[in-house]
Amino acid sequence: MNLKTLTMVALATSVVIAAVAQEKETLKVALPKPCFTGTPKDIKTENLEEARNGKPRDPIQVPTGTKVISKGCKVTSSDSEPIIGELGFVTDGDKDHDATTYVELGPNTQWVQIDLGKEKQVDAACVWHFHGEARVYRDVVCQISNDPDFIDGVQTVFNNDHDNSSKLGKGKDKEYIETNEGRPFAIGSVKGRYVRFTSRGNTSNEMNHYTEIEIYGKDL
Ligand SMILES: [Ca+2]
Ligand SMILES: [Ca+2]
């Protein structure tokens, strides 16, 4: 084995060790107060996940040391003049539902975009749309990019638009009923500066709402 081969073997070994050494822990999401309990009203929608009947979702594993990296970050939107509330509500840390804590965007497909300030490692996210009643938001899509216009290098990390009505591609995730638990999901160490959430109305009305979004990750 010559020196070059030895160096390559050593490098390969250290990469394997680094991959193994990335310790994981269960993501802990601080939840707001619940606004309703019991069986939700009959919601008719095509792509709804199976009822969990109070059973929690599977825990999400993230690298040890993963933190909320979105609090206070700048938010922009396809609707720059919200009907109710302010875009800043999306990252202000207040997840409780009441009439003063959510932002309402117009109808049809709309998005909000969080600027993490610089490229970061993103491992998970949780979104609370409007959890004052049981409802389902349509075409919930989360994408990450270093391009603020989401043209280049876009990675889709959640998508429950099963019929591509928002034209971002067909998604395999399921629709879900809004509760105080929000919708947490694993992302798996995607790098990017901007995180964009899309939706297209909900089962109660045609508007789009956000109470809070949390992005979990770490600095690079
Ligand atoms: Ca908030
Ligand atoms: Ca759809």
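Indexing begins at 1, ligand by ligand and atom by atom, following the structure's order. For clarity, every value in this text was computed on a predicted model and none was experimentally measured.
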TODO: Take Glu175 and Arg135, measure what salt bridge (Lys or Arg N to Asp or Glu O under 4.0 Å) needs, and give me the verdict at the end.
DONE: CA-CA 10 Å; Glu175 293 177 334; Arg135 57 169 71 170; over 6 Å; no
Open item on the list: Among the N/O/S atoms of Asp161, which is closest to the Ca ion (ligand 2)? Give the atom name.
Closed with: OD1
TODO: Output yes if Ser165 passes the N/O/S-under-3.0 Å test against the Ca ion (ligand 2); output no otherwise.
DONE: yes
Task: Nearest to the Ca ion (ligand 1) - the N/O/S atom of Glu212, by atom name - done: OE1
Open item on the list: Checking one value in my table: which N/O/S atom of Asp163 lies closest to the Ca ion (ligand 2)?
Closed with: OD1
Open item on the list: Is the positively charged end of Arg200 above the ring of Tyr137, judged by distance under 6.0 angstrom from the centroid and angle within 45° of the axis?
Closed with: no
- [ ] With the Ca ion (ligand 1) at the centre, find the angle made by O from Thr211 and O from Phe89, to 10°.
- [x] 80°
TODO: Would you mind naming the N, O or S atom of Asp139 nearest to the Ca ion (ligand 2)?
DONE: OD1
- [ ] Indicate the ring-plane relationship of Phe130 and Tyr102, choosing parallel, tilted or perpendicular according to the 30° and 60° boundaries.
- [x] perpendicular
TODO: Could you tell me the angle subtended at the Ca ion (ligand 1) by OD1 of Asp92 and O of Asp94, rounded to 10°?
DONE: 100°
TODO: To the nearest 0.5 angstrom, please state how far the NZ atom of Lys170 sits from the OG atom of Ser165.
DONE: 11.0 Å
- [ ] Looking only at non-hydrogen atoms, find the nearest pair between Thr109 and Ser166 and report the distance.
- [x] OG1-OG, 2.7 Å
Open item on the list: Side chains of Thr198 and Gln110: any donor to acceptor distance under 3.5 Å?
Closed with: no
